[in-house]
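A short worksheet on the structure shown next.
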Amino acid sequence: MNCRTFAAIVGDLARSELMEAFVQEEARAHVAECVRCEDRLGDERELAKGLRALALADGEKVSSIVDEGSLRAAFRESFGAAPVSYVQDANEPVVLASRSLRSRGVWWGLAVAASMTVLAGGALLSRSPEVTPVHTVSRVLPTPSPGREVGNGNSETRRQQGGEVGEVARFSRERKGRAAGLRTGRVGRVVDSSYVDVSVGEFQLVGADHEETTDFFPMAQGAEGGPMTRGQLVRVVMPRSAMSYFGLPLNVDRADERVKADVLLGEDGLARAIRFVR
Amino acid sequence: MSDEDLLQLMIGGDEDAFVLLFRKRQGAIYRFALQMTGSEATADDVTQEVFMALLRSASRFDPSRGPLLSFLYGIARNQVLRRLERDRPFLPLDRPETDGDEVAELVDRRDPLMDLTRNELIEGVRQTVLTLPQHYREAVVLCDLHEMSYAETAEVLGCAVGTVRSRLHRARAMLLERLRPRVEADTDSINAGVMRSLV
């Protein structure tokens with residue numbers, strides 16, 4: 001090894017950086033013979049010590065001006081804080097457009113996990129013979145489309161303005177005592193007993209006997225998929241604190257309580273929207 | 001939870017994830033900006049701007065190119081360079097001809113960093129780092145002060161690993177040169193003193 005080669009690695013050598021053993025041996029042998037390179041190595045070690053001291057001295061320094069409040073405000077401005085409605089144009093697919101479509105609560109994971117709990121309860125409730133329509137969702141289709149309907153007498157059609165045919169369906173819920181579980185959600189044209197056709201239109205909640213719901217909040221996963229054509233409504237139970245992620249006011253004293261919610265799952269299994277139920 | 005997990009939650013609208021990410025990484029970004037500019041006010045501005053930029057461009061992060069921290073450093077670097085460029089008339093960014101007069105005073109004649117109190121040592125090194133040209137300074141700050149690897153530094157700087165090594169080598173040489181005692185001046189003054197005593 002010569003002085004030039006040594007100069008190229010002296011920095012790593014001084015800092016005990018990883019290097020091949022034979023290179024290290026040659027460097028040490030050279031230092032034993034060359035006073036100038038020995039001094040250079042010593043200088044590099046001192047410099048490394050000085051830089052480490054500087055790094056340590058600065059180690060705990062943080063910004064004293066930037067505060068979390070302003071960042072939170074900026075976050076809400078970027079991602080939005082208010083619930084939004086579906087696309088208003090009946091001729092457009094339901095894209096669950098919103099002011100902050102890109103991100104609206106990624107609680108699908110919780111929803112899925114919680115839904116496992118509730119579906120089990122729903123399965124029990126499903127055995128109850130009592131059927132009480134407690135919620136009706138009216139939906140207008142711009143054009144009629146042929147399809148297989150599940151005939152259980154819970155759907156009806158009506159003619160709308162402009163000659164378009166729409167369909168009003170009902171959620172039928174089985175009720176047992178105070179508990180209520182969603183058996184089947186049918187909105188618009190029913191294609192399958194477990195799926196709903198949500199291709200177009202404007203959702204409107206019409207009355208409720210004992211339950212009230214919020215509007216649907218679009219979810220971030222839904223933004224990744226295209227317009228929704230079919231979906232499934234799943235009743236879940238989740239911590240009440242989840243409501244704050246959708247801009248809803250939260251009573252912190254009740255944050256640990258559970259709240260019911262309906263999660264709208266697309267055909268692809270992505271959670272498209274959620275609404276809270278009281 | 002990793003930075004990348006927090007970022008995904010943040011993209012999904014999780015405000016707390018964003019705040020957690022800020023708490024976790026704002027120190028490193030602040031220190032980088034401070035060590036590059038020497039100004040606390042600028043470092044505050046850069047830190048704020050980095051996380052605001054993250055809000056705007058979170059979806060542009062590509063985990064295959066490196067960790068999120070490198071991405072944040074990259075944003076911070078751009079912010080720092082912008083400010084250095086703007087404030088150029090007021091900062092000695094590039095002084096190839098300098099003999100480091102103002103920093104040599106901090107240096108012991110025999111040993112570059114001996115006989116200084118710890119604070120003097122630290123401040124001396126800090127000020128000397130600030131005298132380095134920007135390309136060399138950022139290599140020292142990232143590799144020596146933030147202990148990033150050559151590969152991580154290359155990712156932040158957008159250059160090859162070999163370039164990082166080369167700049168670092170040159171930067172360290174410049175630091176030593178500026179911290180090293182001015183032997184010739186000392187010898188002259190010693191000689192003059194000896195001559196006076198003989199007269």
Side-chain angles (χ1 to χ4, degrees), chain A residues 7-12 14-15 17 40 42-81 100 102-109 217-221 223-224 244-247, chain B residues 8-19 22-23 26-31 33-35 40-41 43-48 51-52 55-56 58-59 111-114 116 118-119 121-126 128-129 140-141 143-147 150 165-166 168-169 172-173 175-176 179-180:
Chain A
I9 63 156
V10 65
D12 288 347
R15 289 160 182 80
E17 296 283 353
R40 180 179 282 175
D43 287 348
E44 281 284 349
R45 282 180 173 147
E46 289 301 312
L47 177 61
K49 270 201 287 191
L51 289 168
R52 268 197 299 274
L54 174 56
L56 270 174
D58 286 351
E60 299 302 319
K61 287 186 180 176
V62 295
S63 172
S64 56
I65 301 295
V66 181
D67 72 296
E68 292 180 8
S70 61
L71 288 175
R72 284 185 185 271
F75 183 92
R76 287 170 196 167
E77 197 175 319
S78 293
F79 287 84
S100 59
R102 286 175 300 153
S103 55
R104 215 10 129 181
V106 197
W107 282 87
W108 67 270
F217 298 95
M219 296 178 76
Q221 268 207 330
E224 297 166 7
S244 64
Y245 285 84
F246 298 92
Chain B
Q8 283 304 311
L9 288 174
M10 179 195 123
I11 291 173
D14 190 327
E15 184 179 305
D16 286 344
F18 173 60
V19 172
F22 168 74
R23 287 178 189 169
Q26 68 106 342
I29 300 303
Y30 174 79
R31 291 187 290 275
L34 179 64
Q35 288 153 358
E40 290 181 357
D44 285 328
D45 284 345
V46 168
T47 304
Q48 171 124 22
F51 286 92
M52 292 297 191
L55 277 178
R56 295 188 295 268
S59 55
D111 188 309
L113 300 171
M114 205 169 79
L116 293 174
R118 182 174 174 78
N119 286 342
L121 166 72
I122 290 168
E123 278 313 300
V125 173
R126 185 196 304 286
T128 311
V129 168
V140 167
V141 169
C143 289
D144 286 333
L145 300 184
H146 288 249
E147 296 185 344
Y150 293 134
R165 296 180 71 104
S166 168
L168 197 55
H169 178 75
R172 286 168 178 167
L175 283 174
L176 279 172
L179 288 170
R180 185 169 284 122

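Lettering of chains follows the sequences in order, A, B, ..., and the numbering in each one begins at 1. All figures in this text were calculated on a predicted structure; none of them were measured in a lab.
Of the atoms belonging to B/L34, it is side-chain heavy atoms, and not backbone ones, that fall under 4.5 Å from chain A. Only the backbone of A/A8 comes within less than 4.5 Å of a heavy atom in chain B; its side chain stays farther off. Contacts between A/E60 and chain B at a heavy-atom distance below 4.5 Å involve the backbone alone (N, CA, C, O). With a 4.5 angstrom heavy-atom cutoff, B/V46 does not touch chain A via any of its atoms. Of the two parts of B/E40, neither the backbone nor the side chain holds a non-hydrogen atom closer than 4.5 Å to a non-hydrogen atom of chain A.
For the residue pair B/M52 and A/A74, the shortest heavy atom distance occurs at SD-CB, 3.5 Å. Here the shortest heavy-atom pairing between A/F75 and B/L55 reads CD1-CD2, 3.4 Å. When all heavy atoms of A/L71 and B/F51 are compared, the pair lying nearest together is CD2-CB, 4.2 Å. Contact between B/I122 and A/A57 at its shortest, heavy atoms only, is CD1-CB, 3.7 Å.
Interface check for chain B: of the options A/G11, A/A53, A/G42, the most heavy-atom pairs under 4.5 Å are formed by A/A53. With chain A as partner, the option from B/H146, B/Q48, B/E147, B/Q35 having the largest number of non-hydrogen pairs under 4.5 angstrom is B/Q48. Contacts with chain A were tallied for B/D16, B/D45, B/V141; B/D16 has the most, counting heavy-atom pairs under 4.5 Å. With chain B as the partner, the residue from A/A55, A/S63, A/A7 showing the most heavy-atom pairs under 4.5 Å is A/S63.
Checked by atom type, the side-chain pair B/Y150/A/D12 shows a donor-acceptor distance below 3.5 Å.
For the pair B/R31 (side chain) and A/K61 (backbone), a donor-acceptor distance under 3.5 Å is present. Remark: the backbone N or O of A/V10 is not paired with any side-chain donor or acceptor of B/H169 at under 3.5 angstrom.
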Please evaluate residues B/T47 and A/I65 with respect to the criterion side chain to side chain contact (heavy atoms under 4.5 Å, CB included), reporting the C-alpha separation (whole Å), side-chain torsions for both, the decisive distance (0.1 Å), and the verdict. CA-CA 9 Å; B/T47 304; A/I65 301 295; over 6 Å; no
Chi angles and distances behind the side chain to side chain contact (heavy atoms under 4.5 Å, CB included) call for B/L145, A/L54: CA-CA 7 Å; B/L145 300 184; A/L54 174 56; 3.9 Å; yes
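Remark: A/E68 engages B/R23 in a salt bridge (charged side-chain N to carboxylate O under 4.0 Å, His left out) (not counting sequence neighbours). Annotation: salt bridge (charged side-chain N to carboxylate O under 4.0 Å, His left out) contacts of A/D67 (sequence neighbours excluded): none.
Side chains of A/R40 and B/L176 form no contact here, defined as non-hydrogen atoms less than 4.5 Å apart.
The pair B/D144-A/R52 does not meet the salt-bridge criterion, since no charged nitrogen lies less than 4.0 angstrom from a carboxylate oxygen. At a threshold of 4.0 Å, the pair A/D43-B/R172 does not count as salt-bridged, since none of the basic side-chain nitrogens sits closer than that to a carboxylate oxygen.
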